[in-house]
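The structure appears below as structure tokens.
Worth knowing before you read on, the calculation uses all heavy atoms, side chains too, and leaves out hydrogens, waters and symmetry mates. Throughout, protein chains are lettered first and strands after them, A, B, ... in sequence-line order, and every chain is numbered starting at 1. Computed from a predicted model, the values in this text were never measured in an experiment.
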Amino acid sequence: MATLVFVESADGKIKKTSIEAVAYAAAMGGDVTAIALGAVDQAELENLGNFGAGKVLHADDDKLNAGVIQAYATVIAKAMEQTGADTLVLANSSLGAPVSARVSIKVGASLVSNVTDLPDTSAGFKVRRSIYTGKAFANVELTSDKKILAIKKNAAEVKETGGSAAVEKFNPELGDGDFAATITATDKAEGEILLPEAELVVSGGRGMKGPENWNMIEDLAKELGAATGCSKPVSDMGWRPHHEHVGQTGVKVSPQLYVAVGISGAIQHLAGVNSSKYIVVINKDPEAPFFKAADYGIVGDAFEVVPKLTEAIKAAK
Amino acid sequence: MKILVCITHVPDTTSRIAFTDDNTKFDTTGIQFIIGPYDDYALARAVELKEQSGGSITVLNVGEAETEPTIRKALAIGADEAIRVNAAPTDSFFVAQQIAHVAKEGDYDLILMGRESIDFNGGMVHGMVGELLGLPSFSPVMTLDIDGDTAKMSREIEGGKEKLEVKLPFVAGCQEPIAEWKIPNMRGIMSARTKPLNVVDPVDDSTQTKLENYELPPAKGEVKMIDAENVSELVDLLKNDAKVI
Ligand SMILES: Cc1cc2nc3c(=O)[nH]c(=O)nc-3n(C[C@H](O)[C@H](O)[C@H](O)COP(=O)(O)OP(=O)(O)OC[C@H]3O[C@@H](n4cnc5c(N)ncnc54)[C@H](O)[C@@H]3O)c2cc1C
Ligand SMILES: Nc1ncnc2c1ncn2[C@@H]1O[C@H](COP(=O)(O)O)[C@@H](O)[C@H]1O
């Protein structure tokens, strides 16, 4: 088996979700080649060897610094061809997902997204994927010779194997059609812990009463080293940015710990958090449905409990 | 402007998920079906674009006869006509092929979809259709404005968004806040009954995946309640039992 892994970067650094994708490919066995596009630090590329990549292709054309979906799909399809890869692995991200759909048509591959585990190759090639927004799983067979797996967070364990990968330039010819769309601006929160990748998340709901009270959520998040999230009404009302909204129609998180403050636990919110390892719920209403999905619960007024909790975490350090 | 909106027929977001036939079939007992919430955003934006600059909206669903009430609802919301490709949507590739075929025949200026279906959460059909048609594709699209033959969009990325510009035609997978969901009014409901709903046969039956079976996640254990006066107990549990902080 020869596997290609599409790795994404932000500010020159390989994303954590992409390192998981490399580790996933390594765990599958066979030859693993990674491909990175746009400007990435050389040391970061070499270090992919430490997670199981034997070789790294780098498409460092300046035009690829922005994630233009069509151009990325063309480069990755050509890299599959050049390396003879029968399988492509990538993180199920806002760039990886739309790119993988186009690549699947270009190379005629079976494509499965939201993959949660390593494949079962004992009879055919089968994977488990999350469906119904985390409420169930499906076991799916990929019936084409070529395969593409867009993996969810935590689908594989990251292991450092030691070693450094050889980096080769790979700049196939791109046509105007690949750049039919122009990215005119990118507007991204700097230095924050990204919600989809976060190991710890603190979320606030309508129970927080207003955006002016979010410093409580932020203080707790900071003390924990957590990302902040919110419920849909909170982002609908503009208390918090849209990309923080967790749930069925928002971000699906899979952290080690999800702390929900003043969120009732509507089924649509739970759909975004049900792959969290541990859930803590703080709500003044003992009947709040969220308690049924929680591991630990505190019935109380967030305005009293949250600052105390922040202090207790500080004290325990 | 001719707009094609692709809609799914999916269980309501509050549905309790269960399976039958040895975990190989979705249990529809007591399930209410709706237009996919993301598809509903796409449709709402299509209606607004039509209000602004005229044109027509065709809704398309790949599904068997039971999806027709859902299709009629889309007509009531403001689509002008509907096409149903008469086949069970077996996998993303199969569906994408059907949509690409209809899109080619209809020569649309804009193809709108949802960012993902909420049953299988594939998030793949728009990209596949874009590639099959040789058109750009974008998802998840948060805003979409059209001026002549040029569209300006914003697309969500991890931790923010990017702004894009592209010429029509193209394919977009939509999500909020692109438009507000529209509720059909009485006039819409009445006129939906007589709007054309054309049923066509599928063009090709090839697929690339095969479903083996379904699984439900293991049941969650009991919640451990902690006294609000004793938050340090929680910190202790998180640190020493759960080992997550
Ligand atoms: C198709 C569809 C998709 C949806 N998608 C999503 C989604 O992706 N994400 C999402 O979040 N929602 C989604 N929703 C909305 C969802 O149904 C709920 O309306 C929403 O999650 C409620 O948000 P909330 O818990 O913040 O507010 P509320 O339901 O109003 O709950 C507020 C909670 O705060 C508690 N509270 C109040 N004051 C305090 C206090 N001082 N201290 C402690 N607790 C307090 C209350 O007891 C209550 O439980 C969707 C709905 C639909 C129909
Ligand atoms: N059976 C179908 N009929 C019509 N459109 C569909 C169908 N399945 C998916 N789509 C469209 O493709 C989008 C993405 O679906 P998916 O890739 O399955 O998550 C949906 O939001 C719909 O707009």
Under 4.5 Å heavy-atom distance to chain A, tell me which part of [X] shows up: side chain, backbone, both or neither.
{"X": "F120(B)", "answer": "both"}
{"X": "I118(B)", "answer": "both"}
{"X": "E222(B)", "answer": "backbone"}
{"X": "Q175(B)", "answer": "side chain"}
{"X": "S92(B)", "answer": "neither"}
{"X": "L234(B)", "answer": "side chain"}
{"X": "M153(B)", "answer": "neither"}
{"X": "L135(B)", "answer": "backbone"}
{"X": "K239(B)", "answer": "side chain"}
{"X": "K220(B)", "answer": "side chain"}
{"X": "F93(B)", "answer": "side chain"}
{"X": "S154(B)", "answer": "neither"}
{"X": "I17(B)", "answer": "side chain"}

Part of [X] lying under 4.5 Å from any heavy atom of chain B:
{"X": "A10(A)", "value": "neither"}
{"X": "S130(A)", "value": "backbone"}
{"X": "L194(A)", "value": "side chain"}
{"X": "Y296(A)", "value": "both"}
{"X": "A109(A)", "value": "backbone"}
{"X": "I69(A)", "value": "side chain"}
{"X": "V112(A)", "value": "side chain"}
{"X": "Q70(A)", "value": "side chain"}
{"X": "I313(A)", "value": "both"}
{"X": "N114(A)", "value": "side chain"}
{"X": "V68(A)", "value": "neither"}
{"X": "P241(A)", "value": "neither"}
{"X": "D236(A)", "value": "side chain"}

Counting heavy-atom pairs closer than 4.5 Å to chain A, which one of [options] comes out on top?
{"options": "L216(B), N23(B), D91(B), T14(B)", "value": "T14(B)"}
{"options": "G122(B), G123(B), A96(B), A151(B)", "value": "G122(B)"}
{"options": "V244(B), V166(B), V129(B)", "value": "V244(B)"}
{"options": "S15(B), P37(B), G221(B)", "value": "S15(B)"}
{"options": "G160(B), P140(B), S139(B), S232(B)", "value": "G160(B)"}
{"options": "K161(B), H126(B), E176(B)", "value": "E176(B)"}

What residue in [options] has the most heavy-atom pairs under 4.5 Å with chain B?
{"options": "Q256(A), H245(A), Q268(A), K135(A)", "answer": "K135(A)"}
{"options": "L309(A), V305(A), I282(A)", "answer": "L309(A)"}
{"options": "S110(A), G225(A), G300(A), A73(A)", "answer": "S110(A)"}
{"options": "E199(A), E197(A), K308(A), K277(A)", "answer": "K308(A)"}
{"options": "A312(A), G297(A), G124(A)", "answer": "G297(A)"}
{"options": "L142(A), V299(A), T249(A), N274(A)", "answer": "T249(A)"}

Is a side-chain donor or acceptor of [X] paired with a backbone partner of [Y] at a separation under 3.5 angstrom?
{"X": "D119(B)", "Y": "V10(B)", "answer": "no"}
{"X": "K153(A)", "Y": "S254(A)", "answer": "yes"}
{"X": "N92(A)", "Y": "K152(A)", "answer": "no"}
{"X": "T143(B)", "Y": "I178(B)", "answer": "no"}
{"X": "E116(B)", "Y": "M124(B)", "answer": "no"}
{"X": "D295(A)", "Y": "V223(B)", "answer": "no"}
{"X": "D120(A)", "Y": "S122(A)", "answer": "yes"}
{"X": "R45(B)", "Y": "L144(B)", "answer": "yes"}
{"X": "R155(B)", "Y": "S94(A)", "answer": "yes"}
{"X": "K317(A)", "Y": "E223(A)", "answer": "yes"}

Side chain to side chain contact (heavy atoms under 4.5 Å, CB included) between D22(B) and N213(B), intermediate numbers included: CA-CA 8 Å; D22(B) 213 11; N213(B) 58 18; over 6 Å; no

Can you classify the ring geometry of [X] versus [Y] as parallel (below 30°), tilted (30 to 60°) or perpendicular (above 60°)?
{"X": "F33(B)", "Y": "F26(B)", "answer": "perpendicular"}
{"X": "Y38(B)", "Y": "Y41(B)", "answer": "tilted"}
{"X": "H269(A)", "Y": "Y258(A)", "answer": "tilted"}

is_close_aromatic(F170(B), F138(B)), centroid dist under 6.0 Å: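 Between F170(B) and F138(B), the centre distance is under 6.0 Å.
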
Side-chain H-bond candidate by donor/acceptor type, D27(B) with T29(B), under 3.5 Å: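 Indeed, the side chains of D27(B) and T29(B) share at least one donor-acceptor pair under 3.5 Å.
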
Side chain proximity check, I7(B) to T67(B), heavy atoms < 4.5 angstrom: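 No, too far: nothing below the 4.5 Å cut-off.
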
Minimum side-chain heavy-atom gap K15(A)-S93(A) below 4.5 Å: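 Answer no - side chains too far apart.
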
K284(A) and E304(A) ion-paired at < 4.0 Å: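 Judged by the 4.0 Å cut-off on N to carboxylate O distance, K284(A) and E304(A) do not form a salt bridge.
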
Test side chain to side chain donor-acceptor pair (under 3.5 Å) applied to E8(A) and T17(A), step by step: CA-CA 8 Å; E8(A) 292 179 60; T17(A) 46; 5.6 Å; no

Heavy-atom pair of closest approach, residues L90(A) and S100(A):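 In terms of heavy atoms, the two residues are closest at CD2-CB, 3.7 Å.
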
